[in-house]
Colleague: 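Quick one: structure below, then a few questions.
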Amino acid sequence: MKKVLRKISSYMLCVIMICAALPAGTSAGFVISGICMAQTDTGAVGMVKTLDQGYANNTYLSLRDTAMILESTEKSFSLEIAKNAVSMNTGESYAPVGVENIMWEEGQNPDASLRRNEFQVNGQKTAYYTMIMELPAGYFDCFMTAADLAMILDMDISAGASDSLQIHTQEPFNVRPTELEQDGYFYGVNSVLAGDASTGEIYYDYQSDTPYPIASTSKLMTALLVMEAVSAGQITFDQQVVVSDAVERLAASDDGVVPLKAGGVITVRELLLGTLLPSSNECALCLAESVAGSEEAFVEMMNRRAAELGLSQAVFFNCNGLPVYTEGAVPSKRQNRMSAEDMFRLVSYLLRVYPQITEITSLEKAMLESIDFEVSNTNPLLYNLREATGLKTGTTNRAGACLVTSLAVDDGAAEHDLAVIVLGAEDSVERARVSELLARYAMQAFEAGAEEPGSTTDRTPGDLPVHAEAAVESVIRTARKR
C-alpha cells in the first residue's frame with residue numbers, strides 16, 4: 001500500500017511541476033492576426049488588418065484601415081486612439097498616420113485583449129467591446145466587429161468572395177432575425193423576444209415559451225411590487241428604511257454591491273435606485289423586508305402576483321435572482337426562472353401601469369445621498385441607443401448573461417415602448433451585441449413592419465453551424481478572415 005501511495009505522490013508531483021512550467025492556457029487576449037480586402041460602393045479599395053479574438057471568424061477590423069477606405073465616402077470618420085480610449089467623429093476627415101492599409105509586419109505577435117475600452121462617438125460615451133493595440137510605428141489602432149461598426153455608421157457590410165469585404169455606404173444597416181436563426185446565431189443564447197410592449201405585438205421570438213434562469217432581471221418583479229406598495233399607500237418613496245443584519249451580511253458578501261450597514265437608514269427611492277441601476281442584491285432584500293416584513297413573505301407575494309399576471313412559467317425563490325440553496329446534506333441549487341414570453345408580459349404591464357419606472361432605469365448614474373454612495377447603470381444599450389430607457393441586466397453562471405431592454409419610440413400619433421428580452425447569452429459581450437441587434441430590429445419593425453417569418457420547420461440541428469461566432473459572420477454580413 002505504501003508503495004502505491006509513493007507512486008501516486010510521485011505522479012502528482014510530476015503533474016504539478018509540468019503545469020507550473022507550461023502557460024496557464026489561452027488568455028482573454030489570445031488573437032489570430034489576418035487581413036481582408038475591403039471595397040466600398042464608391043470604388044475605394046484597401047487592405048484591412050483583422051484580429052480574430054479567441055476563435056477563427058470572431059473577427060475584429062482595424063478602424064484605422066477602415067477609416068482610410070471610407071475617407072472619400074459620406075460615411076467617413078475621424079479617429080483619435082490612445083492606449084485605452086477611442087474618439088470617433090462621423091462625417092469628419094480621417095488624418096492618416098502612415099500605418100493604414102498595409103499587411104502585418106513579419107513575425108508580429110499582436111498583443112491585445114477584448115475589453116470595454118473608453119469609446120466615444122461624436123463626443124458621446126458608448127459601450128462597445130474593442131481591442132486596442134500599439135503598432136510597431138508607435139501609433140495605437142483599435143479593432144471592432146463589422147456588425148458594431150455597421151450599427152454605429154448605419155451602413156451595410158457584407159462578405160464577398162474569400163477574404164473580401166463589401167461596404168455599402170448607401171444602404172442602411174438592416175437586421176433579419178429569421179436569417180440569424182436559420183444560420184444558428186441564437187444557439188449562443190437561451191431565448192430572445194422583441195416586440196411592442198404598448199400593444200403586445202411580438203415582432204420576433206426564439207424559444208420564448210421555455211422557462212430559463214433569469215438572474216437579476218428578477219428585480220423587475222421586485223420593483224413592480226414596490227411600485228404597487230407605494231401606489232397603495234403602504235410605503236412612500238421618501239420613507240426611511242432601517243437596514244437589517246441580513247442585509248448587511250449580504251452587502252458584505254461577494255455578491256454585495258452597495259455598502260449597507262445594519263442600523264443605518266436609507267430611503268425607499270434610494271433602495272430602488274440601487275436595485276435597478278447597479279443591480280444591488282442587498283437593496284432588493286431591504287425593499288423586500290420593507291414591503292412584506294421578510295424575504296420569505298415577499299417571495300410568496302412575487303409568485304402570487306406572477307400567477308395573477310398570467311406568468312405561467314415564472315417561479316421565484318428570492319427577491320434578487322441569486323442562486324438559493326435548500327437545506328439538507330445534499331442541497332439543491334435553485335434559481336428564479338421565467339420564459340421570455342412571461343418576461344415580456346411582466347415588462348409590458350410594468351411599463352403600462354408604472355411608466356415612471358424608466359425615469360430611474362434611464363439614468364446612467366445616481367447618488368444615494370443617505371449613504372453618500374454613487375451608483376452606475378449596468379445597461380450598455382443606454383450608451384449606444386438614444387431610444388433606450390432601461391430596463392435590467394442579470395448574470396449568474398447558470399442563467400448566463402441576460403438583458404431586458406426598453407425603447408421609447410413615436411409613430412407620430414402616440415408614444416410606444418418597445419421591449420427586447422435576451423436570456424442566457426454566453427457573456428456580456430454577446431449579450432450587448434444580440435440585444436442591440438434585436439433592439440435595432442424592433443425599431444425597424446415598428447417603423448416598417450416586421451419581416452415575414454421564414455420557413456424553419458424543415459431545419460435539423462446538423463444543418464446549422466455549431467458556433468454563433470461563425471454564424472453571425474454570414475448573417476450580419478461581417479468580414480471573414482483567411
Colleague: Please name all residues satisfying salt bridge (Lys or Arg N to Asp or Glu O under 4.0 Å) with Asp410, sequence neighbours left out, ordered by chain then number.
Modeller: none
Colleague: Between Leu70 and Thr169, is any pair of side-chain heavy atoms under 4.5 Å apart?
Modeller: yes
Colleague: Is the number of heavy atoms from other residues, nucleotides or ligands under 6.0 Å of Glu415 CD greater than 12?
Modeller: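 No, the 6.0 Å shell around CD holds no more than 12 heavy atoms from other groups.
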Colleague: Under a 3.5 Å threshold, yes or no: a donor from one side chain and an acceptor from the other, between Arg431 and Thr395?
Modeller: yes
Colleague: Could you list the residues that satisfy side-chain hydrogen bond (donor to acceptor under 3.5 Å, both in side chains) with Glu92, not counting sequence neighbours?
Modeller: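 side-chain hydrogen bond (donor to acceptor under 3.5 Å, both in side chains) check on Glu92 returns Ser78.
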Colleague: Not counting sequence neighbours, which residues clear side-chain hydrogen bond (donor to acceptor under 3.5 Å, both in side chains) with Ser244? List them please.
Modeller: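 Glu289.
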Colleague: Using a 6.0 Å cut-off, check whether atom CD of Gln124 has over 12 heavy atoms from anything other than its own residue.
Modeller: no
Colleague: Between Lys75 and Leu153, is there a donor-acceptor pair closer than 3.5 Å when you use the side chain of the first and the backbone of the second?
Modeller: yes
Colleague: With no hydrogens and no angle check, just 3.5 Å: does a side-chain donor-acceptor pair link Asp417 and Ser406?
Modeller: no
Colleague: Where do Thr90 and Asn122 land on the side-chain hydrogen bond (donor to acceptor under 3.5 Å, both in side chains) test, with the steps shown first?
Modeller: CA-CA 7 Å; Thr90 59; Asn122 299 327; 3.0 Å; yes
Colleague: Under the rule for salt bridge (Lys or Arg N to Asp or Glu O under 4.0 Å), what residues qualify as partners of Glu282, not counting sequence neighbours?
Modeller: none
Colleague: Which of these, Ile360, Ile266, Thr361, Asn377, sits in a side chain to side chain contact (heavy atoms under 4.5 Å, CB included) with Leu273?
Modeller: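 Exactly one candidate clears the test, Ile360.
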Colleague: Under the salt bridge (Lys or Arg N to Asp or Glu O under 4.0 Å) rule, collect the residues that match up with Glu359, sequence neighbours excluded.
Modeller: none
Colleague: If you apply the rule side-chain contact (heavy atoms from CB on, under 4.5 Å), what do you find for Phe77 with Glu71, and how did you get there?
Modeller: CA-CA 7 Å; Phe77 58 90; Glu71 175 57 23; over 6 Å; no
Colleague: Could you check, using the six-membered ring where one of them is a Trp, whether Tyr206 and Tyr187 have ring centers closer than 6.0 angstrom?
Modeller: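 No: the rings miss the under 6.0 Å criterion.
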Colleague: Just so I know, are the side chains of Arg337 and Ile214 near enough to count as touching, which here means a heavy-atom distance under 4.5 Å?
Modeller: no
Colleague: Are any of the side-chain nitrogens in Lys125 or Glu118 under 4.0 Å away from the carboxylate oxygens of its partner?
Modeller: no
Colleague: Checking side-chain polar atoms at under 3.5 Å, does Asn336 have a donor or acceptor matched by the opposite partner on Asn318?
Modeller: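 There is such a pair between these side chains.
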Colleague: With side chains defined as the heavy atoms from C-beta onward, is the minimum distance between Val226 and Ile235 less than 4.5 Å?
Modeller: yes
Colleague: Excluding sequence neighbours, so at least two apart, what forms salt bridge (Lys or Arg N to Asp or Glu O under 4.0 Å) with Glu74?
Modeller: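 Expected list: none.
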Colleague: Are the side chain of Gln120 and the backbone N or O of Met88 linked by a donor-acceptor pair below 3.5 Å?
Modeller: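 Such a contact is absent between Gln120 side chain and Met88 backbone.
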